[in-house]
Amino acid sequence: MATWLVPARAQDRPVEGRNYLVLQSTQPTRDARQVEVLEFFAYSCGHCNSFEPMIDAWQKKLPRDVLFRRIPVAFRQDLVIHAKLYFAIETLDLVEQLHPKVFAAIHTGRQKLDTPDQIGNFVAAHGVDRVRFLQVLDSFGVAAKVKQAAGLATGYAIEGTPSIGVNGRWLTSGSLAGSNAKSLSVAEYLLNLARKGG
């Protein structure tokens with residue numbers, strides 16, 4: 001009786017080349033035993049700011065076999081410091097505490113976080129040891145992560161943010177999927193594809 005629903009579901013299935021792209025060359029993932037999801041974002045990006053609460057809630061519900069990682073993208077040299085800022089936050093295990101506040105500071109508070117001094121003032125205002133944070137911001141470890149992130153952004157051929165990479169093989173985004181919310185549905189489809197060895 002409900003057989004007319006089947007074609008509708010098939011039509012709703014994401015389409016390669018329209019809703020997502022297959023990468024020309026497979027990118028390395030951190031752990032072959034897990035399906036990896038990468039969120040490519042930039043703190044300076046207004047769309048990323050709007051998307052952040054949505055993707056954060058989504059990633060918290062992902063199954064245990066899915067590894068979610070945020071990858072900051074610096075499209076210009078002057079934005080590399082924002083990539084360093086994210087990796088310093090991640091290194092110090094402050095993502096829950098500070099990541100959304102960086103977006104709020106830039107997009108709602110109109111704060112500039114473009115220099116170590118401005119970043120130091122920002123983290124200190126949120127109860128974080130300024131000296132320790134700035135040491136990590138300027139560390140070899142953070143510089144290495146920024147370089148790896150740039151390599152991933154190149155490998156995934158990122159042209160805009162936010163974008164979602166899945167398991168080193170696929171890429172979707174709001175512009176491909178039709179909206180940022182729909183990009184999460186496409187990412188779920190790709191996750192299932194990866195699980196099935198697709």
Side-chain angles (χ1 to χ4, degrees), residues 30-31 34 36-62 64 66-156 158-165 172-175 179-181 183-184 187:
R30 187 170 279 178
D31 186 344
Q34 292 182 297
E36 185 172 84
V37 176
L38 305 179
E39 178 208 5
F40 291 95
F41 77 95
Y43 280 132
S44 58
C45 164
H47 294 293
C48 297
N49 176 52
S50 303
F51 190 45
E52 174 53 31
M54 200 182 307
I55 194 165
D56 189 52
W58 179 80
Q59 66 93 13
K60 286 175 179 168
K61 295 176 187 166
L62 290 171
R64 284 187 149 169
V66 177
L67 174 64
F68 176 82
R69 296 168 56 203
R70 292 178 174 93
I71 306 296
V73 180
F75 290 110
R76 302 188 318 255
Q77 189 59 37
D78 61 323
L79 295 176
V80 170
I81 194 158
H82 286 176
K84 290 173 71 176
L85 170 56
Y86 174 74
F87 285 123
I89 288 170
E90 184 185 69
T91 299
L92 292 167
D93 200 23
L94 296 170
V95 173
E96 287 283 324
Q97 182 184 338
L98 287 183
H99 182 62
K101 290 178 181 170
V102 173
F103 276 118
I106 292 171
H107 296 279
T108 307
R110 303 284 176 224
Q111 274 184 267
K112 287 204 174 290
L113 297 177
D114 301 336
T115 66
D117 193 48
Q118 291 167 346
I119 289 169
N121 293 340
F122 167 78
V123 298
H126 291 285
V128 175
D129 183 319
R130 176 193 173 101
V131 173
R132 171 84 179 112
F133 193 91
L134 292 180
Q135 285 172 342
V136 172
L137 183 78
D138 198 36
S139 68
F140 175 79
V142 161
K145 286 183 176 184
V146 169
K147 190 173 179 180
Q148 289 167 355
L152 279 169
T154 299
Y156 272 90
I158 300 299
E159 294 180 357
T161 52
S163 294
I164 301 172
T172 188
S173 64
S175 56
S179 72
N180 285 330
S183 72
L184 294 176

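- Within 6.0 Å of atom CD in Glu159, 12 or fewer heavy atoms from other residues, nucleotides or ligands are found, so the atom counts as exposed in its surroundings.
- For Gln97 (side chain) and Leu94 (main-chain N/O), no donor-acceptor pair under 3.5 Å exists by modelled atom type.
- Side-chain atoms of Glu36 come within 3.5 Å of backbone atoms of Arg30 as a donor-acceptor pair (strictly under, hydrogens ignored).
- The shortest non-hydrogen separation linking Pro72 to Ala149 is O-CB, 3.8 Å.
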Side chain to side chain contact (heavy atoms under 4.5 Å, CB included) between Ile81 and Gln118, intermediate numbers included: CA-CA 11 Å; Ile81 194 158; Gln118 291 167 346; over 6 Å; no

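- Across all their heavy atoms, Ala42 and Val73 have their closest contact at CB-O, 3.6 Å.
- Counting heavy atoms from C-beta outward, Leu137 and Pro116 have side chains that approach closer than 4.5 Å.
- Heavy-atom contacts from other residues, nucleotides or ligands closer than 6.0 Å to NE2 of His107 number more than 12.
- Every residue was checked against the side chain to side chain donor-acceptor pair (under 3.5 Å) condition with Thr172, not counting sequence neighbours, and none meets it.
- When every heavy atom of Phe103 is checked against every heavy atom of Cys45, the shortest pair comes out as CE2-O, 4.4 Å.
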Determine all donor-acceptor pairs shorter than 3.5 Å in which one atom belongs to a side chain in residues 138-148; sequence neighbours excluded.
residue : atom : partner : partner atom : Å
Ser139  : OG   : Val136  : O            : 2.7
Ser139  : OG   : Val142  : N            : 3.2
Lys145  : NZ   : Glu90   : OE1          : 3.4

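- Here OG of Ser179 is found 7.5 Å from CE of Met54. Values are rounded to the nearest 0.5 Å.
- Here CD1 of Ile158 is found 4.5 Å from CZ of Phe40. Values are rounded to the nearest 0.5 Å.
- Inter-residue side-chain proximity for Leu38 and Tyr156 is flagged as met; some heavy-atom pair is nearer than 4.5 Å.
- Every ring pair (Phe, Tyr, Trp, His ring centres under 6.0 Å) that Tyr86 has, sequence neighbours left out, goes to Phe41, His99.
- Side-chain contact between Ile89 and Arg70: absent, with no pair of heavy atoms (C-beta onward) separated by less than 4.5 Å.
- Sorted by first and then second residue, the pairs that involve residues 121-133 and meet salt bridge (charged side-chain N to carboxylate O under 4.0 Å, His left out), not counting sequence neighbours, are Asp117-Arg130.
- Between atom CD1 of residue Ile106 and atom CG of residue Asn49 there is a gap of 8.5 Å, rounded to the nearest 0.5 Å.
- Rounding to the nearest 0.5 Å places CD1 of Ile164 at 7.5 Å from CZ of Phe68.
- With rounding to the nearest 0.5 angstrom, the CD atom of Gln111 is 9.0 Å from the CG atom of Asn121.
- Scored by the side chain to side chain donor-acceptor pair (under 3.5 Å) test, Gln59 finds Asp56 as partners (sequence neighbours excluded).
- Nearest heavy-atom pair, Phe51 versus Glu39, reported as atom, atom and distance to 0.1 Å: CD2-OE2, 4.3 Å.
- Scanning all heavy atoms of the two residues, the minimum distance from Ser44 to Leu79 falls at OG-CD1, 3.7 Å.
- Under the 4.5 Å side-chain criterion, counting only non-hydrogen atoms from C-beta, Leu85 is in contact with Val102.
- One finds the CG atom of Asp78 at 12.5 Å from the OG1 atom of Thr115 (value rounded to the nearest 0.5 Å).
- Judged as a side chain to side chain donor-acceptor pair (under 3.5 Å), and not counting sequence neighbours, the contacts of Asp31 are Arg33.
- Scanning both residues, Leu98 and Val123, for their nearest heavy atoms gives CD1-CG1, 4.1 Å.
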